[in-house]
S.K.: 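The following block contains the structure, expressed as structure tokens.
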Amino acid sequence: MPAREQEIFDRKIEEEIRIEPKDWMPADYRRMLIRQMSQHAHSEIVGMLPEGNWITRAPSLRRKATLIAKVQDEAGHGLYLYSATETLGITRDEMIEQLHAGMAKYSSIFNYPTLTWADIGAIGWLVDGAAIMNQVPLCRASYGPYARAMIRICKEESFHQRQGFEILLTLSRGSEAQKAMCQDAINRWWWPSLMMFGPNDDASPNSRLSMHWKIKRFSNDELRQKFVDACVDQVKTLNMLLPDSEIKWNENREHYDFGEINWEEFYEVIKGNGPCNRDRLEARKKAHAEGAWVREAAAAFAAKKNDSTKHLMYGSHTTS
Amino acid sequence: MEAIPPRENWPLWEVFIRARQGLDHKHAGSLHAADAQMAIENARDVYTRRNEGISIWVVESRYIHASSPAESGSFYDPANDKVYRHPGFYHLPDELKNM
């Protein structure tokens with residue numbers, strides 16, 4: 001039986017037919033999706049923390065409303081992805097437990113601090129920009145629920161990048177201090193943003209399998225290169241510099257060359273030794289614990305209402 | 001009367017949204033909520049932040065019954081050999097208009 005099922009699965013992948021929750025799939029495919037999709041969901045949820053930090057201090061009502069809307073979107077994206085992951089046979093509670101126990105990863109980028117208002121701009125432009133590069137091809141991922149969630153996310157993500165660039169653009173046309181703040185944020189967020197694409201292709205064995213199964217469509221290095229090429233042009237509009245003296249147009253490759261990423265830093269952050277890893281996890285656990293009474297009250301209320309509706313239904317035959 | 005112990009996990013709900021008057025409700029996704037009212041409110045916040053809908057249906061996921069993909073071959077078999085259900089099956093002369 002599995003041989004025949006495997007054959008059907010392989011043919012669907014080959015012919016670009018989406019795999020749906022009730023279809024047979026190899027255990028490793030399921031495992032890989034659960035890992036990638038839950039990490040993705042956790043990233044959206046943890047990603048609210050560095051930005052939420054600035055909601056009360058946004059410089060105008062317009063910026064504040066925008067930032068709240070953006071953080072709300074991140075919550076929504078986390079929810080789309082958790083429910084898409086649940087179709088693979090894991091519960092949201094299990095995923096959240098894994099996150100809180102430090103067993104599940106989330107994007108390393110959210111372990112860096114947001115020190116100034118310009119960081120909110122840099123996050124929108126660079127971090128959301130890198131995320132979009134990664135996410136657009138995922139709209140064609142072979143697993144149906146993941147692809148559908150990504151389509152919705154990508155539609156909403158574009159405003160995130162544009163609002164971030166607008167923040168930086170405003171600062172770049174401001175006072176000397178504002179210009180300096182803008183450059184400083186770009187300097188601090190540039191390299192961590194490049195790390196978001198993951199290890200180099202030759203150091204990323206999972207990547208090959210993921211591409212074979214058409215979960216990923218482009219390799220880490222291909223996407224990173226696309227991102228660099230786009231940013232080198234965009235930064236000119238800001239009249240700012242990217243903090244990499246090795247960026248240079250390469251005629252032969254028809255791409256920009258760029259400097260070596262500090263992979264030691266990347267692996268340290270992944271291991272939990274980034275500037276904010278502990279804070280982020282603590283903040284998540286605290287929020288979850290402090291929300292416990294709300295969850296309990298809602299469940300108790302629902303149970304009570306359920307009970308009283310039962311009496312009502314037996315008493316009369318009204319339907320709505 | 002003893003209180004019913006609340007269920008530990010909020011149940012899963014499927015969300016259907018009507019984008020515009022005149023269209024069908026279409027499956028949008030799923031979410032967790034303690035009861036139907038909360039499911040509708042959560043669906044509004046999760047799935048209609050940009051005016052994607054004017055009407056929301058929610059139904060607890062456990063009430064959805066689905067056909068089995070494993071049996072889809074034999075299940076849909078009865079329709080496979082009935083091309084005569086399609087208008088293109090019938091060969092009529094070209095001069096025939098309005099049909």
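Per chain, numbering begins at 1; letters A, B, ... match sequence-line order.
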S.K.: For a quick test of reading the model, state the closest non-hydrogen atom pair linking B:M38 to A:A298 and the distance between them.
M.R.: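 Closest approach of B:M38 to A:A298: CE-CB, 3.4 Å.
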
S.K.: Taking A:S83 for the side chain and B:S30 for the main chain, is one N or O donor matched with an acceptor at less than 3.5 Å?
M.R.: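 It does hold such a pair.
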
S.K.: Measure the spacing between OH of B:Y47 and CG of A:L79 and express it to the nearest 0.5 Å.
M.R.: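 Between atom OH of B:Y47 and atom CG of A:L79 there are 7.5 Å.
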
S.K.: Is A:K304 salt-bridged to B:D35, going by a charged N under 4.0 Å from an acidic O?
M.R.: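 Not counted as a salt bridge, because no side-chain N and carboxylate O are separated by less than 4.0 Å.
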
S.K.: Pick one of side chain, backbone, both or neither for A:R295, based on which atoms fall under 4.5 Å of a heavy atom in chain B.
M.R.: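 When you check distances to chain B, atoms from both the backbone and side chain of A:R295 fall under 4.5 Å.
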
S.K.: Is the count of non-hydrogen atoms from other residues, nucleotides or ligands lying under 6.0 Å from B:L96 atom CG greater than 12?
M.R.: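 Counting neighbours around CG of B:L96, more than 12 heavy atoms of other residues, nucleotides or ligands fall under 6.0 Å, so yes.
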
S.K.: With a 4.5 angstrom heavy-atom cut-off, could you sort out which part of A:Y82 is near chain B: side chain, backbone, both or neither?
M.R.: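 Contact with chain B is absent: no heavy atom of A:Y82 under 4.5 Å.
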
S.K.: Using a 6.0 Å cut-off, check whether atom CZ of B:F16 has over 12 heavy atoms from anything other than its own residue.
M.R.: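 More than 12 within 6.0 Å, yes.
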
S.K.: Which pair of heavy atoms, one from B:A66 and one from A:K22, lies closest together, and at what distance?
M.R.: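 Minimum heavy-atom separation between B:A66 and A:K22: CB-NZ, 3.6 Å.
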
S.K.: Considering only heavy atoms from C-beta outward, does the side chain of A:F159 approach that of B:R50 to under 4.5 Å?
M.R.: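 Side-chain contact under 4.5 Å: yes.
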
S.K.: Take atom CH2 of A:W24 as the centre, draw a 6.0 Å sphere, and report whether it contains more than 12 heavy atoms from other residues, nucleotides or ligands.
M.R.: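 Enclosed.
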
S.K.: Can you tell me which of A:R148, A:R92, A:K155 forms the most heavy-atom pairs within a distance under 4.5 Å of chain B?
M.R.: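 Going by pairs under 4.5 Å, I would pick A:R92.
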
S.K.: List the residues meeting ring pair (Phe, Tyr, Trp, His ring centres under 6.0 Å) with A:H77, not counting sequence neighbours, and say none if there are none.
M.R.: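 Only A:Y80, A:H160 meet the ring pair (Phe, Tyr, Trp, His ring centres under 6.0 Å) criterion with A:H77.
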
S.K.: Is the CD atom of A:E14 crowded by more than 12 outside heavy atoms at less than 6.0 Å?
M.R.: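 Not buried by this count: 12 neighbours or fewer within 6.0 Å.
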
S.K.: Taking B:A28's backbone N and O only, do any of them form a donor-acceptor pair with A:R152's side chain (distance below 3.5 Å, no angle check)?
M.R.: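 Yes, because the side chain of A:R152 sits within donor-acceptor range (under 3.5 Å) of the backbone of B:A28.
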
S.K.: So which residue, A:T91, A:I8, A:D73, ends up with the most heavy-atom pairs under 4.5 Å with chain B?
M.R.: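 Between A:T91, A:I8, A:D73, the count favours A:D73.
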
S.K.: Looking at B:R49, B:Q37, B:E52, which makes the most heavy-atom pairs under 4.5 Å with chain A?
M.R.: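 Heavy-atom pair counts peak at B:R49.
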
S.K.: Evaluate whether atom NZ of B:K82 has more than 12 neighbouring non-hydrogen atoms of other residues, nucleotides or ligands under 6.0 angstrom away.
M.R.: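 Enclosed.
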
S.K.: May I ask you to check whether over 12 heavy atoms, not counting those of B:D77, lie within 6.0 Å of atom CG?
M.R.: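 It does: B:D77 CG has more than 12 such atoms within range.
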
S.K.: Over all heavy atoms of both residues, which pair between A:A299 and B:A34 is shortest? Give the atoms and the distance, please.
M.R.: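 Closest heavy-atom pair between A:A299 and B:A34: N-CB, 4.1 Å.
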
S.K.: Just wondering, do A:E86 and B:H32 contact through their side chains at under 4.5 Å, heavy atoms?
M.R.: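 The answer is yes; the side chains approach within 4.5 Å.
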
